[in-house]
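Below is one structure; the comments refer to it alone.
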Amino acid sequence: MRTILLLAASLCSLENPLAAQYAERPVVAIEIPKMELPEGLEPATTAAEGAAVGQAYRIARYDSGPDGLNAVIALAPHITAQIRNARSRHTALKGRTVLVKDNIETRELPTTAGSLALAENWTRRDAPLIANLRRAGGVMMGKTNLSEWANIRDGNSTSGWSAVGGLTRNPHAIDRNTCGSSSGSGAAVAAGFAWAAIGTETDGSITCPASVNGVVGFKPTVGMVSRTHVVPISHSQDTAGPMTRTVFDAALLLGAIAGSDPADPATAEADAHVADFTAGLADGSLEGVRIGVLVNQIGNRQDVREVFETALADMERAGAELVEIEYEAPDEMFGAEFTVLLYELRTGMAAYLASLPGKNLPRDLAGLIAFNVENAGSELRWFGQSLFEQALETTDEAVYREARATSLRLAGEEGIDRLMREHKVDALVAPTRGPAWTSDLVNGDSFNGSIGAGSLAAIAGYPHLTVPMGAVERLPIGISFMGGAWQDASILAIGAAYERVRSATIPQPSFERWDPDLAPVD
């Protein structure tokens, strides 16, 4: 046996001392047998190559088998060659490894969205965000599992399950859920399978899995990152974003993938807002920062409230001014959002499927529904496709346009914008989600819906950052920081400043089932 100690921020610590000054979170040393390297990896000659080799060993140790995480669908070929190419060009990311959610196209591997209907969807093209990643020196290490079709197929689904990848397990407790839909991305980062991962979000699909897996997740302003060649749900709300172990790393990765794309009109303003998002993070302060606390969104669990109150106390000691805000999101906002998502799913999916170069693929939502019926034993055993079927019937454009105007107004102008303006705050905060629930393929998800306010940022298209703030019974809990349109840099700065003063102990993955006899984390 040989012991390999991986540092999730190893490249930062070796090559960016500024980042290493704060929030570096080591991954626990593991005992693993010496084994052959996967295809595409060669014996390491540099620290970057060594990090990738160690990550591949962790994937081999923890991702497969009856208790494996099922976080990684496939590793990319030529990983070592990618690292060497990136480092020879003196790039910003310097060969750091990134796992990519399997609804984002990459030239090396098929893009399935977790569905057998797209098992042969190998387009051999990079999404623009992946092309940006490569130019910045990021290494496309492989594809991560996800909630099939980004969790828009049925209302009774189990997050983290796909017909292609199976059920993703939470590394902190393998009988617990990873949330979704960026399930594999969150679990993989927590497990130390890569330096970072990329997820996508329509409403909660980056921030929820980041929270319950104990990592940082950032949903940027919609339009900061291109959605071209990403399997869609909603052009109004979809975005890709980073999932990492520190806020600094999230900021670094965001700068690598962001930018305008002529094929995606929503990104027209992106280049004007792209910056060095890491600038000032290492010595930023909360002194004088006004934090709006969404007290009604703390939820009904006392243990979550106590973890959140510790985080608030940390920020207050660091000089932040806390402002309590009473707010209740109107039911009309969620009803309007639902109409928008169904309408845009139908139209956007048809446009995406029509663009695929492969043969014998479904070409619209009706084709996907028919495929699932024909393959019900593999696709429909655990839950149905009621949302697909509802979307097929959501065709009234006038009703859709009114719903979009309503949802945007209530979440944006009369939601986040009004709350920040009236209370003169720099960010809004709430717990992101409660602790991970037990995975149950028969009955579906059972999360606590009283906790969190992420739908506000999702519907408005505004930035939302979640940062680990502690644990309940060794299960991670995240804190959300939200702001207005294009305030990505300031939200990252506030989150990084909190991360530096955080007093709570953040749990490390156990890779075992949850055990009630274990003492809780301090």
Side-chain angles (χ1 to χ4, degrees), residues 149-155 181 200-208 219-224 227 232-239 241 264-269 292 294-297 325-351 365 386-423 425 427-428 430 432 449-464 480 482-488 491:
W149 296 113
N151 232 1
I152 193 65
R153 201 187 82 187
D154 190 76
S181 61
T200 66
E201 174 161 330
T202 304
D203 190 338
S205 285
I206 289 173
T207 53
C208 183
K219 184 201 81 71
T221 297
V222 171
M224 182 69 81
R227 289 87 54 83
I233 292 178
S234 163
H235 65 258
S236 294
Q237 295 181 206
D238 288 351
T239 184
D264 183 355
T267 66
E269 297 181 49
L294 296 173
V295 295
N296 294 343
Q297 283 68 45
I325 297 177
E326 296 275 352
Y327 170 78
E328 291 290 352
D331 291 341
E332 183 183 8
M333 181 182 77
F334 298 106
E337 179 198 24
F338 187 58
T339 297
V340 169
L341 298 188
L342 293 181
Y343 186 94
E344 293 185 353
L345 171 64
R346 178 181 58 83
T347 58
M349 189 65 74
L365 191 58
S386 62
L387 297 181
F388 271 11
E389 291 164 349
Q390 286 179 261
L392 198 63
E393 303 300 321
T394 306
T395 60
D396 191 319
E397 184 175 358
V399 170
Y400 154 70
R401 292 191 180 280
E402 181 179 357
R404 177 55 185 150
T406 298
S407 64
L408 185 60
R409 170 177 54 82
L410 293 175
E413 178 185 347
E414 297 178 14
I416 290 176
D417 294 338
R418 179 183 65 83
L419 294 175
M420 294 185 70
R421 182 180 64 253
E422 290 183 356
H423 296 277
V425 296
L428 302 173
T432 306
S450 74
I451 300 169
S455 289
L456 272 175
I459 297 169
Y462 292 175
H464 177 183
S480 290
M482 295 170 283
W486 305 112
Q487 292 179 346
D488 303 69
I491 292 300

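Along the sequence shown, the residues carry numbers beginning at 1. All of these numbers come straight from a predicted model, not from anything done at the bench.
- Stacking of Arg404 on the aromatic ring of Tyr400 is not recorded, the 6.0 Å distance cut-off and the 45° axial limit not both being met.
- Of the inter-residue distances, the one linking Ile459 atom CD1 with Glu337 atom CD reads 3.5 Å to the nearest 0.5 angstrom.
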Given Glu326 and Asn296, is the side chain to side chain contact (heavy atoms under 4.5 Å, CB included) satisfied, shown in steps? CA-CA 6 Å; Glu326 296 275 352; Asn296 294 343; 3.0 Å; yes
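- Rounded to the nearest 0.5 Å, atoms CE (Met333) and CZ (Arg409) are 11.5 Å apart.
- With rounding to the nearest 0.5 Å, the separation of NZ in Lys219 from OG in Ser480 is 11.5 Å.
- Between the CD atom of Gln237 and the OG atom of Ser455 there is a distance of 8.5 Å, given to the nearest 0.5 Å.
- Residue Leu365 holds its CG atom at 5.5 Å from CG of Leu392, rounded to the nearest 0.5 Å.
- Of all heavy-atom pairs between Val222 and His235, the closest is CG1-O, 4.5 Å.
- Annotation: side chain of Val399 is not in contact with side chain of Tyr343 (no heavy-atom distance under 4.5 Å).
- In this structure, the side chains of Leu456 and Tyr327 come closer than 4.5 Å at one or more pairs of heavy atoms.
- In this structure, Met349 and Pro232 approach most closely via the heavy-atom pair CE-O, 3.5 Å.
- Checked for salt-bridge contact, Glu422 and Arg418 meet the test: a charged N lies under 4.0 Å from a carboxylate O.
- Residues Ala453 and Gln297 come closest through the heavy atom pair CB-CG, 3.7 Å.
- Here the shortest heavy-atom pairing between Thr221 and Gly484 reads OG1-O, 4.4 Å.
- Screening Ile152, Thr394, Leu387, Thr202 for a side-chain contact (heavy atoms from CB on, under 4.5 Å) involving Leu345 leaves a single residue, Ile152.
- Within 6.0 Å of CD on Glu414 lie more than 12 heavy atoms contributed by other residues, nucleotides or ligands.
- No donor-acceptor pair closer than 3.5 Å links the side chain of Asp203 to the backbone N or O of Ala458.
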Working for side chain to side chain contact (heavy atoms under 4.5 Å, CB included), residues Thr395 and Arg346: CA-CA 8 Å; Thr395 60; Arg346 178 181 58 83; 3.8 Å; yes
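- Tested against Met482, the residues Ile491, Thr207, Leu294 include a single side-chain contact (heavy atoms from CB on, under 4.5 Å) partner, Leu294.
- Expressed to the nearest 0.5 Å, how far CD1 of Ile416 lies from CG of Leu410 amounts to 12.0 Å.
- Between Ala457 and Pro463 the shortest heavy-atom distance is CB-O, 4.1 Å.
- Across all their heavy atoms, Ser181 and Thr200 have their closest contact at OG-O, 4.3 Å.
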